[in-house]
Amino acid sequence: MPAETITTTLPSIVTLDHCPLCSNSNFSVLFDAKDIMFDLPGTFSIVKCDTCGFMFTNPRPTSTDLGMYYPAEYGPYHKKIEQKNKKRTQALRKQGLRRFFNKYLSTFKNYGYWVPELPRDSIVLDLGCSNGDFLAGLASRGWQLHGVELAEEPANYARMVHGLEVVHGTIEDATFPDCYFDAVFAFMLVEHLEDPVSTLHEVNRVLVDEGYLVFSIPNASSWQFNVFRSNWRPLEIPRHMSHFTPKSVSSLLQTTGFSLEQIIFQRSISDVFITIGYWMRNRKIMPKFSEILIDFPKRRGRITRAILLPIEWLEAILGHSSRMTVIARKRYQPDDTKCSQQ
């Protein structure tokens, strides 16, 4: 979207005096960054905690002004993204040999949406469910489906079009009962949270013992992050408050009462093309070509996919792809009677 069509009002910002993960007050600035997707105003820093190594955005917009960085043009609200999600969720219904590939060859596939095998009548929640396409794709499994979505328009779409139970707000607003869900999904959401520790504590509360937490996040230990730094597309400043590595996401899970089961590194070489496209567009270099690069994931055909596939495989095998899916389970606490009483 052209920069001149967007407000130039500077946001109010807040500076954290401690690490959101370990509460230590000493951290170092890695680099400064701006919004490369919409070219919205403001400069923000990526800092790294000197104690635990967690990276986060600091300073950051206040809760009051954060909404200006989520315009109507923001990707997850697009119809085109909705159609893309439909194709992905339809694939979730396939059974048979796919289970073998899920378990043994997951690095060779792009598992942005991993789903556990659960009995019928299981109760699941999708945090940041957007327009509900992912949940709708699970309908044939016989699960009870719930969603939480902060943006009003996609939440209404999920209710009206898919007939889903969706709370407009946060998981705290929903006030779900203790030990209610068998699985909670949060795809490309955790990095947006202002306080991921608090939110995951709430997720832990509403999950049954050994219930699943599955979410996807950008991988800030990837080669793309280290090469492109402030221009990296999945950095998405300032919408992304946290920048996770496998080590820091493991620490987050440990802190909030979860056991890490597996990290699946997704195939995501397309982010390189989008990153270069945004860099060129914001500098007004070859505007038409920059738009081609930005739209590359939608445009690439079978031949291009085949050419890039070995590179994507290598990225995933080495743990250097730009996105990862995290599979965790709530730790069983023998002295906690809440779930045993449900």
Side-chain angles (χ1 to χ4, degrees), residues 76 85 89 92-93 112-152 154-217 249 252-262 325-342:
N85 285 344
T89 53
L92 294 173
R93 301 170 184 170
Y113 293 84
W114 185 93
V115 177
E117 295 295 331
L118 295 172
R120 294 185 72 84
D121 296 325
S122 294
I123 308 174
V124 302
L125 172 67
D126 185 16
L127 291 181
C129 69
S130 187
N131 50 37
D133 286 341
F134 169 73
L135 282 176
L138 301 177
S140 63
R141 294 174 178 250
W143 297 345
Q144 298 180 46
L145 308 174
H146 296 262
V148 170
E149 173 54 48
L150 194 59
E152 185 174 7
N156 288 335
Y157 183 97
R159 294 191 197 105
M160 299 297 293
V161 176
H162 294 307
L164 296 168
E165 295 284 338
V166 175
V167 173
H168 171 220
T170 66
I171 186 172
E172 291 82 4
D173 296 330
T175 63
F176 294 117
D178 293 339
C179 311
Y180 186 62
F181 294 105
D182 297 288
V184 173
F185 305 106
F187 298 114
M188 303 311 290
L189 171 83
V190 177
E191 67 275 18
H192 291 261
L193 299 173
E194 295 183 67
D195 188 349
V197 172
S198 175
T199 298
L200 260 62
H201 273 305
E202 179 66 5
V203 171
N204 186 286
R205 182 187 69 80
V206 303
L207 269 173
V208 300
D209 284 337
E210 299 184 337
Y212 283 93
L213 168 61
V214 183
F215 59 96
S216 56
I217 49 177
V249 79
L252 172 65
L253 293 169
Q254 179 69 28
T255 299
T256 53
F258 292 93
S259 297
L260 176 62
E261 296 257 307
Q262 185 182 7
T325 297
V326 180
I327 305 167
R329 301 185 79 168
K330 176 180 175 177
R331 288 200 301 270
Y332 173 64
Q333 302 290 344
D335 57 341
D336 186 353
T337 59
K338 290 180 181 178
C339 287
S340 62
Q341 293 174 350
Q342 296 300 309

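- The main-chain N or O of Tyr332 is never found under 3.5 Å from a side-chain atom of Asp209 such that the two would form a donor-acceptor pair.
- Counting only residues at least two apart or in different chains, salt bridge (charged side-chain N to carboxylate O under 4.0 Å, His left out) contacts with residues 190-201 are absent.
- Sorted pairs that involve residues 119-129 and meet side-chain hydrogen bond (donor to acceptor under 3.5 Å, both in side chains), not counting sequence neighbours, are lacking altogether.
- In terms of the salt bridge (Lys or Arg N to Asp or Glu O under 4.0 Å) criterion, residue partners of Arg205 (sequence neighbours excluded) are, by chain and number, Asp178, Glu202.
- Under the rule for a side chain to side chain donor-acceptor pair (under 3.5 Å), the partners of Asn156 that lie at least two apart in sequence or sit in another chain are Arg159.
- Nearest approach of Ala136 to His162, heavy atoms of both residues: CB-ND1, 3.4 Å.
- Every residue two or more places apart in sequence or in another chain that forms a side-chain contact (heavy atoms from CB on, under 4.5 Å) with Asn204 is listed here: Phe258, Lys330.
- Shown here are the side-chain contact (heavy atoms from CB on, under 4.5 Å) partners of Val161, two or more places apart in sequence or in another chain: Tyr157.
- In this view, His168 satisfies the ring-ring contact (aromatic ring centres under 6.0 Å, His included) rule with no residue, not counting sequence neighbours.
- Every residue two or more places apart in sequence or in another chain that forms a ring-ring contact (aromatic ring centres under 6.0 Å, His included) with Phe185 is listed here: Phe134, Phe187.
- Partners of Glu261 according to the side chain to side chain donor-acceptor pair (under 3.5 Å) rule, which considers only residues two or more places apart in sequence or in another chain, do not exist here.
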Kindly indicate, with the supporting measurements, whether the criterion side chain to side chain contact (heavy atoms under 4.5 Å, CB included) is fulfilled by Leu125 and Ile171. CA-CA 10 Å; Leu125 172 67; Ile171 186 172; 4.0 Å; yes

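- Scanning for side-chain contact (heavy atoms from CB on, under 4.5 Å) contacts around Ala158 gives Leu164, Val166, with sequence neighbours left out.
- Residues that satisfy the side-chain contact (heavy atoms from CB on, under 4.5 Å) test with Thr170, not counting sequence neighbours, are Leu150, Glu172, Asp173.
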